[in-house]
2 protein chains.
Amino acid sequence: MAEPDFILRENCPQRRIHYILNGKWTSMVLSVLSYGPMRTGQLERALPGISKKMLTQTLREVESGGLVHREVFHVVPPKVEYSLTPLGIRFVEPLSALYDWAKDNAAALDELEDNLRRSAEAASKQGE
Amino acid sequence: MAEPDFILRENCPQRRIHYILNGKWTSMVLSVLSYGPMRTGQLERALPGISKKMLTQTLREVESGGLVHREVFHVVPPKVEYSLTPLGIRFVEPLSALYDWAKDNAAALDELEDNLRRSAEAASKQGE
DNA sequence: TAATGTAGTTACCATTTGGTAACTTTTGGA
DNA sequence: TCCAAAAGTTACCAAATGGTAACTACATTA
């Protein structure tokens, strides 16, 4: 019953960092904001497929975490600008690394998805 | 209506890499396997809190993606060993970077969680 | 004879998650 | 007078997700 040398305990940093990876959009919102402050509409257009609901929900979450600052300009029509806080900037660092890796390794992502497709086909042939 | 310079399109690598981050346990399983081949029971003990169901489910998924190799030893009681494939090794690279960052920045994670706690308290005071 | 160890499956359930569509607010402009 | 623009909220719903607990298989061992 050899215990493994490496245990990812319940509250280890490796698990806790998943906070910013949990939501479908969280890490993408942070990543986009790393290019500078942005208005709501710009964020919306930078993330094709996101709904108004998910955008505001995600922004409220990262704001609660102190990662993003929300600045309201009291004008009509409304203007709201979001930007990373210093803490947010720190958290974007590992995300950028992750995304840079992804851009440099698109071929590996292709391979992964080919494998998944093939194994899904094989599974459906079984069911016939 | 200034279009943002940075658009994370539906099928860009930055979005696609989320495959290995989607499941609650996927990235952790890969990370643990980066230390070498392991038997099911060892994996289970390396990931406190995981259930048998989620462990096998996650292993089947990464196996389908070609990230992990499953080797069955035909003995009694059963013995099965999991190991990273070459493709899996490539995918662990950015995960290790992410987890290394987390280990080096536990203080930032503390700060994040403090903020969340505080804002949750403030929200519940509202509701009284 | 019955329990043990190892890997895995299955049925079932509760919660979470994310999505859609309609609605609100305010003021300047056609 | 009525619409547009921007940011946001709300009600509602379907699907995905993850968890528990009980069950299987089978040779060895007590």
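Just so it is clear: chains get the letters A, B, ... in the order the sequence lines come, proteins before strands, and each one is counted from 1.
Contacts classified as salt bridge (charged side-chain N to carboxylate O under 4.0 Å, His left out) and involving residues 60-80 of chain B (residues at least two apart or in different chains) are not found. For residues 102-120 of chain A, every residue pair satisfying the salt bridge (charged side-chain N to carboxylate O under 4.0 Å, His left out) rule, not counting sequence neighbours, is listed here: A:Asp100-A:Lys103, A:Asp110-B:Arg16, A:Glu113-B:Arg16, A:Asp114-A:Arg117.
An OP1 or OP2 oxygen of C:dG8 is reached within less than 4.0 angstrom by a side-chain nitrogen or oxygen of B:Tyr82. Here A:Thr56 does not reach the OP1 or OP2 of D:dA7: none of its side-chain N or O atoms lies under 4.0 Å away. Note on A:Arg39: a side-chain N or O is less than 4.0 Å away from OP1 or OP2 of D:dA7.
For B:Asn22 and C:dT17, the CG to P distance is 13 Å, given to the nearest whole Å. Taking atom CD of residue A:Glu81 and atom P of nucleotide D:dA6, one finds them 15 Å apart after rounding to whole Å. As rounded to whole Å, 8 Å separates atom C1' of C:dG18 from atom CD of A:Gln57. The nearest whole Å value for the distance from the CG atom in A:Leu55 to the P atom in C:dG18 is 13 Å. One can place CD of B:Glu44 at 13 Å from P of C:dT9, the figure rounded to the nearest angstrom.
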Contacts under 3.5 Å, N or O only, protein and nucleotides 19-25 of chain C:
| residue | atom | partner | partner atom | Å |
| --- | --- | --- | --- | --- |
| C:dG19 | OP1 | A:Lys24 | NZ | 2.6 |
| C:dG19 | OP2 | A:Trp25 | NE1 | 3.3 |
| C:dG19 | N7 | A:Lys53 | NZ | 2.8 |
| C:dG19 | O6 | A:Lys53 | NZ | 2.2 |

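Only at 4.0 angstrom or more do the heavy atoms of residues 62-75 of chain A sit from any atom of DNA chain C, so none qualifies.
Applying the side chain to side chain contact (heavy atoms under 4.5 Å, CB included) criterion to B:Leu116, with sequence neighbours excluded, gives A:Tyr19, A:Ser64, B:Leu112. By the side chain to side chain contact (heavy atoms under 4.5 Å, CB included) test, A:Ser51 is found to be paired with A:Lys53, A:Met54, residues two or more places apart in sequence or in another chain being considered.
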